**Q** 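Below is the structure I would like to discuss, written out as C-alpha cells.
All values reported here derive from a predicted model rather than from experimental measurement. The first residue in the sequence is number 1, and the count goes up from there.
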Amino acid sequence: MTDGRVFLAIGTLISIGVFANGLRFAHKTSNPWSGKHILGMSVKGSDVPLDRIRRIGRLQMIIAPIFFLFLCALCFGLLGPVQGIQTIQF
C-alpha cells in the first residue's frame, strides 16, 4: 500500500514537469525537430507546423493543473477509498 503523501509528491513533480514542458512548447519560435537526424533518418515530427506545436504546449499547460487537482482528490479520499493508496488524513 502506497502512502498518499508519497503518491501526491510524485504526482506534483509530474504535474510541474508537464506544465514546464507545455510552457516550453507554447513559446517555441521554430520547430525543434526540423533538421534533426537519428541514424541517418529524419526525426518524426520534423514537418509539424509551429501552430500545432504551440497548441500542444497550451494543452499541456491546461491539463497539468487538472491532473494535479484529480490527484489531490484521490490522495485525500474525496473520490472514496482507492485500493493501494492510503488516504491522507486531515
**Q** When rounded to the nearest 0.5 angstrom, what is the spacing between CZ in R5 and CZ in F76?
**A** 10.0 Å

**Q** What's the spacing between R52 CZ and N31 CG if we round to 0.5 Å?
**A**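 Atom-to-atom, R52:CZ and N31:CG are 11.0 Å apart.
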
**Q** Can you tell me how far CG of L78 sits from CD1 of I88, rounded to the nearest 0.5 angstrom?
**A** 10.0 Å

**Q** Members other than F19 in its cluster, when Ile, Leu, Val, Met, Phe, Trp, Tyr link by side-chain heavy atoms under 4.5 Å?
**A** L23, M61

**Q** Check T87 against G77 and note the closest heavy-atom contact, atom names and distance.
**A** CG2-CA, 3.7 Å

**Q** Should we count CD1 of I38 as having more than 12 external heavy atoms under 6.0 Å?
**A** no

**Q** Any pair with a residue in residues 6-24 that passes salt bridge (Lys or Arg N to Asp or Glu O under 4.0 Å), sequence neighbours left out, goes on the list, sorted by first then second residue, please.
**A** none

**Q** If you measure from CD on Q60 to CG on N21, what distance do you get to the nearest 0.5 Å?
**A**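 Rounded to the nearest 0.5 Å, the CD-CG separation comes to 4.5 Å.
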
**Q** To the nearest 0.5 Å, how far apart are CG in L71 and CZ in F7?
**A**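 Going from the CG atom of L71 to the CZ atom of F7 covers 5.5 Å.
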
**Q** Return the minimal non-hydrogen interatomic distance between S15 and A64, and the atom names on each side.
**A**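 Shortest heavy-atom contact: O-CB, 3.6 Å.
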
**Q** About how many Å separate CG of L8 and CG of L74, when rounded to the nearest 0.5 Å?
**A** 10.0 Å

**Q** Can you see which heavy atom on F25 is nearest to which on G57, and at what distance?
**A** CB-CA, 3.7 Å

**Q** Only counting residues at least two apart or in another chain, list the ones meeting side chain to side chain contact (heavy atoms under 4.5 Å, CB included) with I10.
**A** V6, I14

**Q** Is the shortest side-chain heavy-atom distance between V18 and I63 below 4.5 Å?
**A**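 V18 vs I63: side chains apart.
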
**Q** Does a side-chain heavy-atom distance below 4.5 Å link I85 with V82?
**A** yes

**Q** Any idea which heavy atoms bring K28 and R54 closest together, and the distance?
**A** O-NH2, 2.8 Å

